[in-house]
> 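Below: one structure in structure tokens.
Letters go in sequence order (proteins before strands), and every chain restarts at 1.
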Amino acid sequence: MPFNYYFFLSLAFFFIGIIGVFPRRNAIIIFMCIELMLNAVNLLLVAFSKMHNLQLGLDFPNIGSEAQVFVFFIMVVAAAEVSVGLAIIVMLYRNTHSVDVNFLNRLKN
Amino acid sequence: MNAIILTAAWGVIMMFGGVFFKSKATPKYWAIVGILLAIAAVFAEIGYGESYFNVDLKGLLHFNSFNLTFIAVAYICTLFFFLLNGSDIEKVGNHVSEYFALIFFVLCGVAIAATYSSLLTLFIGIEILSIPLYILTGSDKRNLKSNEAALKYFLMGSFSTGIMLMGIAFVYGGNSSGTFLVANMGIGQGQLPVLIAVGLVLLLVAMSFKVSAAPFHFWTPDVYDGAPTVFTSFMSTIVKAAGFMAFLRLFDNVFGAAHSQWITLVAIITAATLFIGNITAVFQQSVKRMLAYSSIAQAGFMMLAIFAINDTAKEGIVLYTAAYSLATIGIFAILIKMNDYTVEGFNGFGKAYPLPAVAATVFLLSLTGIPLTAGFQSKFFMLMAALKNGQHTWLIIFAVLCAAVSAYYYFRVIQAIWFKEATTATSVADPAVFTAAFKTMLVITVVLILALGLFPECITNWLHY
């Protein structure tokens with residue numbers, strides 16, 4: 001499949017993520033949209049890695065492998081973020097019995 | 001390398017130490033010992049090039065006197081933070097040694113974000129810096145304001161991480177070298193390829209988010225206001241400065257050759273940050289919230305370094321880190337002791353507690369940028385860097401005008417301290433909180449700020465070691 005397909009697919013995921021973040025009120029849905037953004041980046045990085053390898057792989061066989069390692073780092077960091085983020089959401093739920101972000105307006109003045 | 005390994009290891013020690021420490025005061029002393037060891041190790045590395053850990057970095061991190069001096073300055077400011085605020089961290093909750101452990105992990109992130117030489121380590125550094133802070137922001141678990149601040153900070157922080165990663169992916173894709181190593185990127189002068197230009201804008205947006213530059217600053221006042229005050233003090237100083245360090249190195253080393261193509265964009269962001277930060281700070285009643293907006297205003301001044309990108313800017317950002325962090329940590333340390341966080345809460349403070357009041361005055365004067373203080377020298381370096389750059393001179397005039405506006409809200413607090421009588425029957429602060437040790441630390445901080453104001457070269461000379 002041509003590289004462009006992957007490129008536009010991941011851009012579409014990324015924009016669905018961005019568009020999902022702003023109008024949503026449920027903290028968990030916002031969080032899912034952010035995860036979607038990160039995974040769109042993962043897809044794009046792998047696609048770019050393959051693209052670089054197809055272009056220059058004959059001269060430099062290892063070119064492009066860095067991006068695939070980067071994807072693992074993103075996964076690990078995303079997992080760390082999930083653990084912290086869900087803990088924060090649970091803490092909020094214990095205090096307010098809601099995960100609605102519009103409920104949070106104590107700091108606006 | 002010393003700094004990264006020592007702080008990470010000390011974080012683990014503090015975390016497990018929580019099981020064994022009997023008294024609530026013990027972790028503070030362990031933390032002070034840890035940060036002293038880290039400072040000594042950093043100085044050994046600057047002075048003698050001595051790294052105690054032999055790690056094959058594969059070019060992922062790069063150490064030079066500029067990075068290392070920045071780390072040393074950030075760690076010394078953290079030492080002052082521990083000495084001034086150590087006993088206030090104990091009051092946040094029951095998990096004192098965990099808070100210190102998280103702070104040490106942040107410091108590890110500071111060192112990585114300051115020394116990265118690959119976009120991979122930039123990402124890792126920024127994340128290690130941010131994730132413990134989300135927890136620290138929400139550490140006051142029963143307080144809804146703290147919860148709200150933590151959730152906002154977390155959502156905005158991970159959102160900007162997503163944007164930063166997209167920027168990195170675009171820069172990687174547009175670069176035919178197929179590497180994340182900064183040294184091999186080779187983004188030259190001339191028209192940037194579309195992919196790299198988009199990546200640059202995305203990285204600019206993401207880094208502006210992290211350092212709270214306008215128009216991406218909207219999370220800052222809420223988060224700084226809601227977080228426990230001790231941690232606000234930490235994240236508005238050392239962490240923000242580390243964000244700037246990463247920002248500066250990214251735009252210097254990766255996109256430096258294409259300076260002329262993004263300079264206008266950065267100039268607009270700088271002007272907007274200065275304007276919004278200063279103007280909104282004028283209308284704040286709470287000193288804590290005022291300091292949150294003033295941290296946006298000061299970020300505008302630090303943005304001048306990214307606007308200029310030259311040697312003076314590098315000297316300036318290290319000096320600014322020292323001046324701004326010391327003054328802000330000092331004023332927050334006094335603010336925590338107050339019974340009332342509004343400006344009126346400071347009424348009659350000068351009569352009741354002369355020595356802390358003098359210290360608070362010096363901190364505020366330094367933040368304003370009055371000559372003889374470190375704040376003046378750091379602002380001077382920033383303006384000089386921008387002037388040497390030669391383009392967009394209107395920005396310098398605008399920055400000076402904004403500094404004049406900032407005098408209004410800082411002087412309002414000074415006026416409340418010295419020239420207003422206490423209005424309410426309740427005392428300004430509990431006398432017991434101003435212990436002799438705390439007062440001594442305040443005096444040392446004041447002396448250091450004045451010394452840096454007179455002899456800024458004692459920091460800037462380290463850069464050329």
Side-chain angles (χ1 to χ4, degrees), chain A residues 3 7 10-11 14 17-18 21-22 27 30-31 33-38 40-45 47-49 51-53 55-57 60 62-67 69-70 73-74 76-78 80-85 87-89 91-92 94-96 99 101 103-109, chain B residues 118-121 123-124 126-128 130-135 137-139 141-181 195 221-226 284-286 289:
Chain A
F3 165 74
F7 182 71
S10 80
L11 274 194
F14 191 72
I18 288 188
V21 167
F22 288 105
I30 295 178
F31 191 37
C33 290
I34 290 170
E35 288 297 309
L36 188 63
M37 285 166 66
L38 295 183
V41 174
N42 285 349
L43 180 62
L44 187 62
L45 276 172
F48 274 137
S49 152
M51 182 192 83
H52 281 315
N53 198 275
Q55 280 173 351
L56 295 163
F60 309 98
N62 284 333
I63 198 163
S65 52
E66 277 183 40
V69 179
F70 202 126
F73 276 95
I74 295 178
V76 171
V77 170
E81 261 182 5
V82 168
S83 65
V84 170
I88 290 173
I89 293 173
M91 175 180 77
L92 189 81
R94 276 190 188 153
N95 287 334
T96 63
V99 286
V101 289
F103 189 74
L104 300 170
N105 47 14
R106 277 165 186 76
L107 291 168
K108 283 268 154 59
N109 48 21
Chain B
S118 156
L119 295 181
L120 174 62
T121 30
F123 163 64
I124 301 281
I126 294 280
E127 284 307 294
I128 297 179
S130 314
I131 293 178
L133 274 185
Y134 305 147
I135 309 172
T137 310
S139 53
K141 284 193 287 188
R142 300 268 166 241
N143 185 345
L144 277 180
K145 272 184 150 188
S146 174
N147 291 354
E148 179 186 346
L151 187 69
K152 262 190 188 155
Y153 194 22
F154 168 70
L155 291 177
M156 283 295 114
S158 8
F159 180 70
S160 70
T161 301
I163 294 189
M164 182 172 78
L165 284 172
M166 203 56 174
I168 291 174
F170 269 95
V171 170
Y172 174 76
N175 202 308
S176 57
S177 61
T179 175
F180 292 104
L181 289 179
L195 281 177
D222 289 355
V223 170
Y224 285 9
D225 196 13
Q284 302 307 317
Q285 292 309 313
S286 153
R289 215 173 161 81

> Which heavy atom of A/Asn95 sits nearest to which heavy atom of B/Lys141, and what is that distance?
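That would be ND2-O, 2.8 Å.
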> Can you see which heavy atom on A/Glu81 is nearest to which on B/Ser158, and at what distance?
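Reported closest heavy-atom pair: OE1-CB, 3.5 Å.
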> Would you please test B/Phe159 and A/Cys33 for side chain to side chain contact (heavy atoms under 4.5 Å, CB included) and show each step?
CA-CA 9 Å; B/Phe159 180 70; A/Cys33 290; over 6 Å; no
> Which region of B/Ser177, side chain (C-beta onward) or backbone (N, CA, C, O), has a non-hydrogen atom less than 4.5 Å from a non-hydrogen atom of chain A, or is it both or neither?
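Backbone of B/Ser177 only, per the 4.5 Å heavy-atom cut-off to chain A.
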> Taking all heavy atoms of A/Ala27 and all of B/Leu155, pick out the closest pair and write down the distance.
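Of all heavy-atom pairs spanning A/Ala27 and B/Leu155, the closest is O-CD2, 4.5 Å.
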> Which atom pair, heavy atoms only, marks the closest approach of A/Leu44 to B/Ala169?
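So the two residues come closest at CD2-CB, 3.9 Å.
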> Can you tell which part of B/Ile168 gets under 4.5 Å to a heavy atom of chain A, answering side chain, backbone, both or neither?
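Side chain of B/Ile168 only, per the 4.5 Å heavy-atom cut-off to chain A.
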> Please state whether the side chain, the backbone, both or neither of A/Ser83 comes within less than 4.5 Å of a heavy atom of chain B.
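For A/Ser83, neither part sits under 4.5 Å from chain B.
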> Quick check for you: to the nearest 0.5 Å, what is the distance between B/Phe154 atom CZ and A/Ile30 atom CD1?
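Between atom CZ of B/Phe154 and atom CD1 of A/Ile30 there are 10.5 Å.
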> Show the numbers, then the answer: is there a side chain to side chain contact (heavy atoms under 4.5 Å, CB included) between B/Met166 and A/Leu11?
CA-CA 9 Å; B/Met166 203 56 174; A/Leu11 274 194; 3.5 Å; yes
> Check each atom of A/Phe22 against the heavy atoms of chain B and say whether the ones under 4.5 Å are side chain, backbone, both or neither.
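Looking at A/Phe22, just its side chain touches chain B.
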> Please determine whether side chain to side chain contact (heavy atoms under 4.5 Å, CB included) holds for the pair A/Val101 and B/Lys152, giving the CA-CA distance in whole Å, both sets of side-chain angles, and the decisive distance to 0.1 Å.
CA-CA 9 Å; A/Val101 289; B/Lys152 262 190 188 155; over 6 Å; no
> Could you walk me through whether B/Asn147 and A/Ile88 pass side chain to side chain contact (heavy atoms under 4.5 Å, CB included), step by step?
CA-CA 7 Å; B/Asn147 291 354; A/Ile88 290 173; over 6 Å; no
> Given a strict heavy-atom distance threshold of 4.5 Å, which part of A/Met91 is in contact with chain B: side chain, backbone, both, or neither?
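Both backbone and side chain.
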> What's the spacing between B/Leu181 CG and A/Glu66 CD if we round to 0.5 Å?
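Rounded to the nearest 0.5 Å, the CG-CD separation comes out at 5.0 Å.
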> Does any backbone or side-chain atom of A/Phe7 lie under 4.5 Å from a heavy atom of chain B? Answer side chain, backbone, both or neither.
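Side chain of A/Phe7 only, per the 4.5 Å heavy-atom cut-off to chain B.
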> With only heavy atoms counted, which part of A/Ile74 is less than 4.5 Å from chain B, the side chain, the backbone, both or neither?
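Both backbone and side chain of A/Ile74 come within 4.5 Å of chain B.
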> Examine whether an atom of A/Gln55 lies under 4.5 Å from a heavy atom of chain B, and if so say whether it belongs to the side chain, the backbone or both; otherwise answer neither.
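Answer is neither: A/Gln55 stays 4.5 Å or more from chain B.
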> Are the side chain of A/His52 and the backbone of B/Asn175 linked by a donor-acceptor contact shorter than 3.5 Å?
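Yes; at least one donor-acceptor contact below 3.5 Å.
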> Show the nearest heavy-atom pair for residues A/Val41 and B/Gly162, with the distance to one decimal.
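Answer, listing the atom of A/Val41 first, then B/Gly162: CG2-O, 4.1 Å.
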> If every non-hydrogen atom of A/Ala80 is compared with every non-hydrogen atom of B/Ile131, which pair is closest and at what distance?
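Scanning both residues completely, I find the closest heavy atoms to be CB-CD1, 4.1 Å.
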> Suppose we call two aromatic rings close when their centres sit under 6.0 Å apart. Are A/Phe70 and B/Phe180 close by that rule?
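Ring centroids of A/Phe70 and B/Phe180 are less than 6.0 Å from each other.
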> Tell me if the CZ atom of A/Phe60 is crowded by more than 12 foreign heavy atoms within 6.0 Å.
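12 or below, so no.
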> Sort A/Phe73 into side chain, backbone, both or neither according to what part of it lies under 4.5 angstrom from a heavy atom of chain B.
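Contact with chain B: backbone and side chain both.
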